[in-house]
Structure formats: C-alpha cells, structure tokens
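One structure below.
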Amino acid sequence: MKNPFLSRFLSCLLSVTMLLCLAACDGGGTPEPPPADEEPPESAASMYLSLREKVNAVGGRLCVRASSYLQIDNAALRVELYAATDGEGVYQSTDFSTDGKWMLTSHAYTNGILRVNDTATPITAAEYRALYGFPSIPELDAANLLSLSVHKELDGYCFTVSEAATSNTSFLQGMMGRDLYVLYVQAKAETVFYTFHFDKEGNLDHLDVRLEMLVEGNLVSLTSTVRYADFGTAYPIPPA
C-alpha cells in the first residue's frame, strides 16, 4: 500500500476494537424549486419543529436504516446500519476495500450486550450512546431555518441546511462510529450539509448528509442516506 495515510487507516480498522461505524450521509443532488403556482405546505422551520415534536412524543422510539459511503483515493468504506429504539438495539456492518484488499467487520448491540466477533460485553443503553453515539436526528436551531427555501420534489418537499463541522458532534459521532469520528475531528472539515426530504403529508422520508474533509492532503468525501420508520413502534433489529 503506497499511501501512508491509507496504511494507518487500515491499521486502525484491524485494531482490537475494530471499526464501529454508525453512518449517515448522501448529497442527493440539487432539488428543483416549486412552480410559481404551487407553494410548499409549510416552512422549513415548521416542518423541522413538527418532526422534533413527533420524535419527542414517542420518546425517541423509532428505527433508523442508514447506508454510508466514504471514498479516500483508491480506498472505499461502506457502512450499513440498522438501529432501533433510540440506540437500545443496533446492528452495523462495515465493508472496507483498498489496493485489492477487502475486509468486513460488524457489531451488534441488543438486550444490554455489545457483541463484536466472539466477544460479548454487558453495557447499558446509556453507556452505549455515550461511547458510540446514536444517529437519531440532528439538533438544529429553528431560527436558522426561517430564511431557507423549501423545494418541491416528485413525491414531496425538501430543504437543505448547512452547519459548522463542530456542531451536532453527538449525531456525527453516532453516524460515523467512534474510530472514524476520531479521524474526523483530526481532519480539516468546515461544513456539514443536511438535506431533509418530506413526503406530501409532511412526514420525514429520509435525511441526506454530506461533507468533505482534508486529511493529510487527501480530500475525503463522506455521504449517507438515513431513512426513518416505525415512530413509536420500533421493531427488533435483524440478527447479527
């Protein structure tokens, strides 16, 4: 492996703790503005506040399904995540490939037990969230959404908000996983873009997250699509 950065990154993946990546992001392209004779049902601020109220009303009980992709030169990292009940049930797999080498790791957290390969460690839901975070919904200041435009899509509406890379660190840690998040905080990243996609009834369909960071001269793109479902009736996660 010629790139020393990639060598260190692969070594990190092969560490005792493994790479525990929870993800979430994907740019999703530029939406088309609504026609002049058709207005969105709500403002960005009201749509976001309605979403937060819905999440709070069910005590954070929901399901998150995320597919994330990280590209570094000729290396690629793909993370698949299924999380339920506000972090009390999580299954995640990480597929890493570079220079013809390939590796798959996974971990699961269910019934108070964290399982990584053949190791089972008792841990509470609160301890799990403190160590690894949990990607529910970014905490945004609704005042910053007042000036945003809501765009019409084929099946609903969307809006995009940008945040400083130092904001929503708990969400980002859960999205990336602890080890990858260490790389993130050491890198040069300025802005994270969140695109919320709602259906015609104003219900959140999915969230796209995208960012770029500079690591030792390497421009790294991280994208993810996060889908939300089962508000208040989160189903058990699939078997590890």
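Y48 has its side chain out of reach of V161: every pair of non-hydrogen atoms, C-beta onward, lies at least 4.5 Å apart.
Taken from CZ in R65 to NE2 in H206, the straight-line distance is 14.5 Å, to the nearest 0.5 Å. With rounding to the nearest 0.5 angstrom, the OH atom of Y184 is 8.5 Å from the OG1 atom of T169. Between the CG atom of L222 and the OG atom of S68 there is a distance of 6.5 Å, given to the nearest 0.5 Å. Between the OH atom in Y91 and the OG1 atom in T110 there is a gap of 12.0 Å [rounded to 0.5 Å]. Here CZ of F193 is found 9.0 Å from OG1 of T160. Values are rounded to the nearest 0.5 Å. Here the CD-CD distance, from E80 to Q92, works out to 9.5 Å after rounding to the nearest 0.5 Å.
No side-chain donor-acceptor contact under 3.5 Å links S106 and S93.
Considering only residues two or more places apart in sequence or on other chains, R52 meets the salt bridge (Lys or Arg N to Asp or Glu O under 4.0 Å) condition with E139. The side-chain hydrogen bond (donor to acceptor under 3.5 Å, both in side chains) check on S147 picks up nothing, with sequence neighbours excluded. Contacts of Q71 classified as side-chain hydrogen bond (donor to acceptor under 3.5 Å, both in side chains), with partners at least two apart in sequence or in another chain: Y69. Under the salt bridge (Lys or Arg N to Asp or Glu O under 4.0 Å) criterion, R78 pairs with no residue, sequence neighbours left out. Every side chain to side chain contact (heavy atoms under 4.5 Å, CB included) that E201 has, sequence neighbours left out, goes to D199, N203.
Residue P138 comes nearest to L207 through the heavy atom pair CD-CD2, 3.7 Å, listed as atom of the first residue, atom of the second, then distance.
Screening residues 228-237 for side-chain hydrogen bond (donor to acceptor under 3.5 Å, both in side chains) gives no qualifying pairs among residues at least two apart or on separate chains.
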Go through it in stages, so that I can follow the logic: the residues are V150 and L148, the test is side chain to side chain contact (heavy atoms under 4.5 Å, CB included), and I'd like the CA-CA distance, side-chain angles, deciding distance and then a yes or no. CA-CA 7 Å; V150 177; L148 294 181; over 6 Å; no
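Classified by interplanar angle (parallel below 30°, tilted 30° to 60°, perpendicular above 60°), the ring pair F171/Y194 is perpendicular.
Under the 4.0 Å criterion applied to side-chain N and carboxylate O atoms, K200 and D155 are not assigned as salt-bridge partners.
In terms of modelled atom types and a separation under 3.5 Å, the side chain of N111 and the main chain of I113 share no donor-acceptor contact.
The ring of F198 has its center no closer than 6.0 angstrom to the ring center of Y157.
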